[in-house]
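Per chain, numbering begins at 1; letters A, B, ... match sequence-line order.
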Amino acid sequence: MPTPIALIDCNNYYVSCERASDSKLIGVPVIVLSNNDGCAVARSAEAKALGIKMGDPVHLIRDKIERHGIRVLSSNYTLYGDMQRRVVASIEDYARDFEIYSIDETFIDLAGFEDRDLVAHVRAMRDQVLRWTTIPTCVGLGPTKTLAKLGNAAAKKNPLFDSVADLRDEAVRAWVLDRFAVGDVWGVGGATAAKLAALGIHTAGQLRDMPIKQARAMGSVVLERLVAELRGVPSGVVETIEPQRKGMAVTRSFGTPVSDIATLMGAVTQYAMRAGEKLRGHGLVAARLTVFFHTNRFKPDAPQYSASRMVALHPMTNDSFELVAAARRGVEHGWRDGYAITKAGIMLDDLIAAELRPRTLFEGDTVKRVRLMEALDSVNSRFGRFSAVPATQGFQRDWKMRADMKSPAWTTRIEDVPRVRA
DNA sequence: TCTGGGGTCCTAGGACCC
DNA sequence: TCTGGGGTCCTAGGACCC
């Protein structure tokens, strides 16, 4: 019998975080938007009931928002990150090992707790999260990660479960799988769901019963493992040590389109500066940088253009100015006049720990540059991001993304902490 | 009349996730 | 006017080598 695994997942996470700080948002329909205020990425139960879907572009649901008085917020990642820390702290007593899977989900390895009533155990855990953070959660229990995830989804959807579904129980598991759409299974996306449908496979139960060889032929080892997991045979474990990161990106859509190279250079310079800061924050160096930019793909009638240029970084580096120089070279090579660019980004690949980086013969004075970067980071951390920037970044940032309805940094900036009148 | 087989490394692109 | 950002993993195919 495999070790039981639990998945705890916060309900409507971004909305719940906003409600933790502003009680006026409780009981009314609320949505939180993606970066650039583009689409709805979190919805309260009330907003879901009004038919707002995940990923709905906000400009297409304007009338609904006004008609029902839906509260709309820009995303506030500082707040969500800080709240995550608090959620994890509330879980710690209930698990010896866990894997933080995303900003609102954690897998828990329940090895060593098997002699307990695990349903009571996870109920106590979610009570603790609620008490300490006000954030409601659901929990799925199962012999594999896929089944824990599926149980979590069932607990969310079906009120019968009262927020906790235990799929270790064979009868419960079979009942849930037969009613669970195959496209909602973790790891089955649109492309795979379409192929499965052509074979008459529409439920998680049918996928579980698919011949393993056929699964392999259709969706390679990925689908093969998935079928095994649905049968209760683990093919992945709870990863308790954080893996070495392989790549890193800073990409943004523009608030208004950009049609001249100087402005694009300004934006890309800022992204490269930020990418350098992220690299140093993780103690890493990169071996290559890719810069890309493109026009608006949602407007097929407008002239389309897309460029992507890879630049090798040798020696490997996390020096912001080297990254900026590489990125600017890439933009120069890829630029064409006459297009309205709406998005650009920097990607860094082949990362390794800075102290493991290979040395080269002609490095110059790296000590000075390292100290310069340290000074830059400390200025920006003390006086706010982008206090010290290269002039090439420009001062007119007309392209910067929209975030018109962002809540204050309630929990992380002293001026924003709410006051309570005595 | 006849033109190998097998291995590694790298990259691009697809699919999926939250 | 207006459609996010940041990741992972896998495979196919080309280049190269002996």
Side-chain angles (χ1 to χ4, degrees), chain A residues 7 9-14 31-42 52-63 65 72 74-77 80-81 84 99-107 145-146 149 152-153 182-196 216-226 235-236 239 242-257 271 274-275 278-279 282 287-288 290 292 294-300 302 306 308-310 312 340 342-351 400-406:
Chain A
L7 177 71
D9 181 319
C10 301
N11 301 349
N12 319 328
Y13 182 60
Y14 295 175
I31 60 175
V32 176
L33 304 182
S34 61
N35 264 326
N36 216 26
D37 292 345
C39 9
V41 291
I52 308 283
K53 299 274 180 295
M54 178 68 180
D56 273 353
V58 69
H59 70 273
L60 296 182
I61 54 171
R62 273 283 171 229
D63 56 325
I65 290 171
V72 181
S74 303
S75 33
N76 183 346
Y77 293 102
Y80 313 147
Q84 179 189 27
E99 169 186 347
I100 298 172
Y101 175 69
S102 75
I103 197 159
D104 69 332
E105 287 168 90
T106 300
F107 282 107
K145 286 170 112 175
T146 304
K149 192 97 162 99
N152 186 283
V182 76
D184 293 339
V185 174
W186 185 40
V188 178
T192 308
K195 281 193 236 169
L196 289 169
R216 169 102 199 188
M218 175 183 284
S220 79
V221 293
V222 179
L223 195 61
E224 185 182 0
R225 282 182 204 150
L226 188 51
S235 72
E239 306 280 356
E242 208 176 324
Q244 165 72 58
R245 188 193 265 269
K246 303 201 163 76
M248 194 177 272
V250 178
T251 70
R252 295 283 182 278
S253 294
F254 298 138
T256 47
Y271 301 166
R274 173 67 191 132
K278 270 171 92 170
L279 270 182
H282 286 88
R288 48 180 204 171
T290 306
F292 74 85
H294 60 71
T295 48
N296 189 350
R297 297 196 169 125
F298 296 103
K299 283 187 179 169
S306 161
S308 168
R309 291 290 182 277
M310 201 268 279
T342 55
K343 181 172 178 173
I346 300 284
M347 296 187 291
L348 300 168
D349 281 299
D350 298 351
L351 312 182
K400 83 173 186 301
M401 67 178 188
R402 278 185 290 271
D404 297 334
M405 296 151 287
K406 188 160 143 186

Asks: Which nucleotide in the list C:dC2, B:dC18, C:dG5 gets nearest to the side chain of A:Y101?
Replies: B:dC18
Asks: For the pair made of CZ in A:F298 and P in C:dC2, what is the distance, rounded to whole Å?
Replies: 12 Å
Asks: So what does A:V185 hit on the nucleic acid, given a heavy-atom distance under 4.0 Å: a base, only sugar-phosphate, or nothing?
Replies: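 The residue A:V185 makes sugar-phosphate contact but no base contact.
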Asks: Output the distance between atom OG (A:S306) and atom CZ (A:F292), rounded to the nearest 0.5 Å.
Replies: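 If we round to the nearest 0.5 Å, A:S306:OG and A:F292:CZ are 8.5 Å apart.
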Asks: Pick base, sugar-phosphate or nothing for A:G55, based on heavy-atom distances below 4.0 Å to the nucleic acid.
Replies: nothing
Asks: Both A:N296 and A:T251 contact DNA chain C. Which one's nearest nucleotide lies toward the 5' end?
Replies: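 Result: A:N296.
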Asks: For A:K149, report the nucleic acid contact type (base, sugar-phosphate, nothing); a contact means any heavy atom under 4.0 Å.
Replies: sugar-phosphate
Asks: Whether the side chain of A:T342 engages the backbone of A:F254 through a donor-acceptor N/O pair (distance < 3.5 Å, no angle test) should be reported.
Replies: no
Asks: Hey, are A:S253 and A:N36 close enough side-chain-wise for a donor-acceptor pair under 3.5 Å?
Replies: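 The criterion, which ignores hydrogens and geometry beyond distance, is not satisfied for A:S253 and A:N36.
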Asks: Heavy atoms only, 4.0 Å cut-off, all strands: where does A:M248 land among base, sugar-phosphate and nothing?
Replies: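 Result for A:M248 = sugar-phosphate.
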Asks: Tell me what A:T192 touches on the nucleic acid: a base, only sugar-phosphate, or nothing, going by heavy atoms under 4.0 Å.
Replies: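 Sugar-phosphate only.
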Asks: With the side chain of A:P57 defined as its heavy atoms from C-beta on, choose the nearest nucleotide among B:dC18, B:dT11, C:dT3.
Replies: C:dT3
Asks: Short question: side chain of A:T106, backbone of A:I100 - any donor-acceptor pair under 3.5 Å?
Replies: no
Asks: To the side chain of A:N35, which of C:dG5, C:dT8, B:dC18 is closest?
Replies: C:dG5
Asks: In whole angstrom, what separates A:L60's CG from C:dG4's P?
Replies: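 Computing the A:L60:CG to C:dG4:P distance gives 12 Å.
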Asks: Could you tell me whether A:G219 contacts a base, only the sugar-phosphate backbone, or nothing, with contacts defined as non-hydrogen atoms closer than 4.0 Å?
Replies: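 Contact class for A:G219: none.
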Asks: Please give the nucleotide sitting opposite C:dC18 as a Watson-Crick or G-U wobble pair, both distances under 3.5 Å, or none.
Replies: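 Paired with C:dC18, as far as the under-3.5 Å criterion goes, is B:dG5.
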Asks: Whole Å only: how far is the OH atom of A:Y80 from the P atom of C:dG4?
Replies: 17 Å
Asks: What distance, rounded to whole Å, do you find between the two P atoms, one in B:dT3 and one in C:dC18?
Replies: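 Pairwise P distance, B:dT3 against C:dC18, rounds to 24 Å.
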Asks: A:Y14 vs A:Y80 aromatic rings, parallel, tilted or perpendicular, using cut-offs 30° and 60°?
Replies: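 A:Y14 vs A:Y80 ring planes: parallel.
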Asks: Mind checking A:R252 for me? I need base, sugar-phosphate or nothing, with any heavy atom below 4.0 Å counting as a touch.
Replies: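 Counting heavy atoms under 4.0 Å across all strands, the contact made by A:R252 is with sugar-phosphate only.
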Asks: If you compare every side-chain N and O of A:S220 against the phosphate oxygens of C:dC10 (OP1, OP2), does one of them come in below 4.0 Å?
Replies: no
Asks: Expressed as a whole number of angstroms, how long is the span from A:I346:CD1 to C:dG6:P?
Replies: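 The distance from CD1 of A:I346 to P of C:dG6 comes to 11 Å, rounded to the nearest Å.
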Asks: Start at the 5' end of DNA chain C and walk down; is the nucleotide closest to A:V221 or to A:K343 reached first?
Replies: A:K343
Asks: Quick check for you: among C:dC10, C:dG4, C:dG7, whose closest atom lies nearest to any side-chain atom of A:Y77?
Replies: C:dG4
Asks: When you measure from the side chain of A:D37 to the backbone of A:D404, do you find a donor-acceptor pair of N or O atoms at a distance under 3.5 Å?
Replies: yes
Asks: Could you give the CH2-to-P distance, from A:W186 to C:dC9, as a whole number of Å?
Replies: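 Roughly 12 Å, once rounded to whole Å.
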Asks: When you measure from the side chain of A:A191, which nucleotide among C:dG6, C:dG5, B:dA15 comes out closest?
Replies: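 Given the options C:dG6, C:dG5, B:dA15, the side chain of A:A191 is closest to B:dA15.
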Asks: Under 4.0 Å: is that the gap between some side-chain N or O of A:R245 and OP1 or OP2 of C:dG7?
Replies: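 It does, given that an N or O in the side chain of A:R245 lies less than 4.0 Å from OP1 or OP2 of C:dG7.
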Asks: Does A:R402 put a side-chain nitrogen or oxygen below 4.0 Å from OP1 or OP2 of C:dG4?
Replies: no
Asks: Is there a side-chain polar atom (N or O) of A:K299 under 4.0 Å from OP1 or OP2 of C:dC2?
Replies: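 The answer is yes; a side-chain N or O of A:K299 sits under 4.0 Å from OP1 or OP2.
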Asks: Atom CD of A:E105 and atom C1' of B:dC17: how far apart are they, to the nearest Å?
Replies: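 Atom CD in A:E105 sits about 9 Å away from atom C1' in B:dC17.
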Asks: Of the listed nucleotides (C:dG7, C:dT8, C:dG4), which one gets closest to any side-chain atom of A:S34?
Replies: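 So the side chain of A:S34 is nearest to C:dG4.
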Asks: Using a cut-off of less than 4.0 Å, is there contact between a side-chain N or O of A:K195 and OP1 or OP2 of B:dA15?
Replies: no
Asks: Measure CE/A:M54 against P/B:dC18 and give the value in whole Å, please.
Replies: 9 Å
Asks: Base, sugar-phosphate alone, or nothing: which one does A:V250 contact when heavy atoms must sit under 4.0 Å apart?
Replies: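 Touches sugar-phosphate only.
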Asks: Contact class for A:D56 (heavy atom, under 4.0 Å): base, sugar-phosphate, or nothing?
Replies: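 The residue A:D56 makes no contact with any strand.
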Asks: OP1, OP2 of C:dG7 versus side-chain N and O of A:K278: anything below 4.0 Å?
Replies: yes
Asks: In whole Å, I'd like the distance from the CG atom of A:L33 to the P atom of C:dT3.
Replies: 12 Å
Asks: Would you say A:N152's side chain and A:L7's backbone share a donor-acceptor pair under 3.5 angstrom?
Replies: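 Flag set: sc A:N152 to bb A:L7 pair under 3.5 Å.
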